[in-house]
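Throughout, a chain's letter reflects where its sequence line sits, starting with A, and its residues are numbered from 1.
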There are 2 protein chains.
Amino acid sequence: MLLIRNVMNQNILLTVDAAVFGYEHGHISVLLVKRKYAPFKGEWALPGGFVLENENLEEAVERELLEETGVKINYLEQLYTYGDTMRDPRGRVVSVAYFGLVKPTVFKITAATDAEQVAWFPVNKLPKLAFDHKTILNMAVKRLQGKITYEPIGFELLDKKFPFSDLEKLYTTVLGREIDRRNFKKKITNLKILDELDEKVSNGRGRPGSLFQFNEQRYFELKKEGIIFEI
Amino acid sequence: MLLIRNVMNQNILLTVDAAVFGYEHGHISVLLVKRKYAPFKGEWALPGGFVLENENLEEAVERELLEETGVKINYLEQLYTYGDTMRDPRGRVVSVAYFGLVKPTVFKITAATDAEQVAWFPVNKLPKLAFDHKTILNMAVKRLQGKITYEPIGFELLDKKFPFSDLEKLYTTVLGREIDRRNFKKKITNLKILDELDEKVSNGRGRPGSLFQFNEQRYFELKKEGIIFEI
DNA sequence: TATTTTTGTGTTGTTAATACGCAATGTTAT
DNA sequence: ATAACATTGCGTATTAACAACACAAAAATA
């Protein structure tokens, strides 16, 4: 490494940032941390930090998330790399942004601890964000809205077992528009990726509904056969 | 910058790589350069190189492309960032990969010059590639196949004026399957994004066909109205 | 016991996708 | 010249997907 550093004296630093979403009661929230040091001290920012020399990018994201927020992520994918020369006042810092989803259990635990430094913000009630994190977050929201229509990532935001109405409510929330409950159910059931359980659950008033469970195995089989998930 | 370097001594170098595609006569080709120095000296690789401290990532890609291959790119978008610790034998090098398209005019010029160091290879007749560039290229091909079905990027691979059969042939080539000529034409004409010109052109034998031209302005208007391009 | 709320299962009309047929217009072979 | 061939251009019938809507079933609540 010193070999290449001798030839190539490149003063660029590399970070990772994570836009992690959670869902509860008709609200999509994003995980933010309050910055302890300058620049943007005291402002809210996406969790993240410098990449270590001996770790892969995903490992860096998972480590920073755990260190800064205590969150163990269950879904993570690369979003985009932000490398504009002026995006960090300290100098040239390039950031590889990731897109993550957590289940309600993780969401609740995080919401209960560290309220001072770590918090979930509904995406429509965001504070001012440090750096270009608002830009990153905008792209992450679009990724969520886009991807949820052609890949079954919505289940990553729900408990393992969930009533069908929860899934429907999630989709209306993310997509920001009403969807016909009956046609939606037809689409999902035709895909045969949900197992209906014997358990029923009551949502306060109204008829109790069955609990469902996403069958990932079945999804992969159907994908191989060319059957595509689409909402 | 020295301030942050003093605190953060991060030995990671940043490069850009470009997977640039061209099209002619039913073949999708990718632009490769022969490496002059170790590692992988003499092997073929994607054009690219180290990012300079005072340039944005896109600027770095465009500069490297021009320097190494003489190609001025007309379509460029970010593909993915590759950051595995072992991807470069020299040490930790993270690469932001880009995806590019050039028109036949550019394609022909490049094919004529620098044949020793720079060449176009059909994607189904690739040589052994340096680093993890085969992985990058695989993703780039998938991006091309995916994106051509829901955004009108195919026109970036054709001349400004083209017979309809060229567009059809391009799609069969990229997607790797036959498409019904009549239904395909119906879809495209319904979108109203092509202007039919008075000029006709003969392809050797057979009935001469009209030349068409992509109307980008019209496409943006239709996009605003919610009409989506889909093949 | 009636009302309200939520779940579950249909049906119907409309639109888009698919699978073809065939004429029109040129070149090439005889 | 004329028949054979290749390619373009336009059309229709069938099929599958989508969207809009009605109503019954099962619970809580008044």
Exercise. Is any side-chain N or O of Lys185(B) closer than 4.0 Å to OP1 or OP2 of dT8(D)?
Worked result: no
Exercise. Taking only N and O in the side chain of Ser210(A), is any of them less than 4.0 Å away from OP1 or OP2 of dT7(C)?
Worked result: no
For this session: Please report, rounded to the nearest Å, how far the C1' atom of dT5(C) is from the CZ atom of Arg181(A).
Result: 11 Å
Exercise. Phe184(B) has an atom CZ; how far is it from atom P of dA17(C), in whole Å?
Worked result: 13 Å
Which protein N or O atoms sit under 3.5 Å from an N or O of nucleotides 26-30 of chain D?
{"from": "dA26(D)", "atom 1": "O4'", "to": "Arg207(A)", "atom 2": "NE", "distance (Å)": "3.3"}

Seminar exercise, completed: CD1 of Ile231(B) to CG of Asn183(B), rounded to nearest 0.5 Å, is 11.5 Å
For this session: Test Leu46(A) against Leu32(A) for side chain to side chain contact (heavy atoms under 4.5 Å, CB included), laying out the working first.
Result: CA-CA 5 Å; Leu46(A) 297 175; Leu32(A) 298 178; 3.8 Å; yes
For this session: List the steps and the verdict of side chain to side chain contact (heavy atoms under 4.5 Å, CB included) for Val61(A) and Leu76(A).
Result: CA-CA 9 Å; Val61(A) 178; Leu76(A) 191 68; 4.0 Å; yes
Would you tabulate the pairs of protein nitrogen or oxygen atoms and nucleotide nitrogen or oxygen atoms of nucleotides 10-12 of chain C closer than 3.5 angstrom?
{"from": "dT11(C)", "atom 1": "O4", "to": "Lys186(A)", "atom 2": "NZ", "distance (Å)": "2.9"}

For this session: On the 0 to 90° scale, with breaks at 30° and 60°, tag the Tyr219(B)-Phe214(B) ring pair as parallel, tilted or perpendicular.
Result: tilted
Problem set entry | Residues Thr172(A) and Glu178(A): side-chain donor-acceptor under 3.5 angstrom | no
Exercise. How are the rings of Phe107(A) and Trp120(A) set relative to one another: parallel (under 30°), tilted (30 to 60°) or perpendicular (over 60°)?
Worked result: tilted
Identify each donor-acceptor pair in which a side-chain atom of residues 144-166 of chain B lies under 3.5 Å from a protein atom, sequence neighbours left out, and give them as a table.
{"from": "Gln145(B)", "atom 1": "NE2", "to": "Val174(B)", "atom 2": "O", "distance (Å)": "3.1"}
{"from": "Lys147(B)", "atom 1": "NZ", "to": "Glu77(B)", "atom 2": "OE1", "distance (Å)": "2.8"}
{"from": "Lys147(B)", "atom 1": "NZ", "to": "Glu77(B)", "atom 2": "OE2", "distance (Å)": "3.4"}
{"from": "Thr149(B)", "atom 1": "OG1", "to": "Gly146(B)", "atom 2": "O", "distance (Å)": "2.6"}
{"from": "Glu156(B)", "atom 1": "OE1", "to": "Asn74(B)", "atom 2": "ND2", "distance (Å)": "2.8"}
{"from": "Lys161(B)", "atom 1": "NZ", "to": "Glu199(B)", "atom 2": "OE2", "distance (Å)": "2.8"}

Seminar exercise, completed: Rounded to whole Å, CG of Asn190(B) lies from C1' of dA16(C) at a distance of 10 Å
Problem set entry | Close approaches to DNA chain D from residues 223-231 of chain A, in residue order (heavy atom, under 4.0 Å) | none
Exercise. By a strict heavy-atom criterion of less than 4.0 Å, which residues belonging to residues 161-178 of chain A are in contact with DNA chain C?
Worked result: Ser165(A)
Problem set entry | Near-ring test Phe99(B)/Tyr80(B), centroid separation under 6.0 angstrom | no
Seminar exercise, completed: Shortest non-hydrogen pair, Gly26(A) vs Thr173(A), comes out as O-CG2, 3.4 Å
Seminar exercise, completed: Arg205(B) meets the side-chain contact (heavy atoms from CB on, under 4.5 Å) criterion, sequence neighbours left out, with none
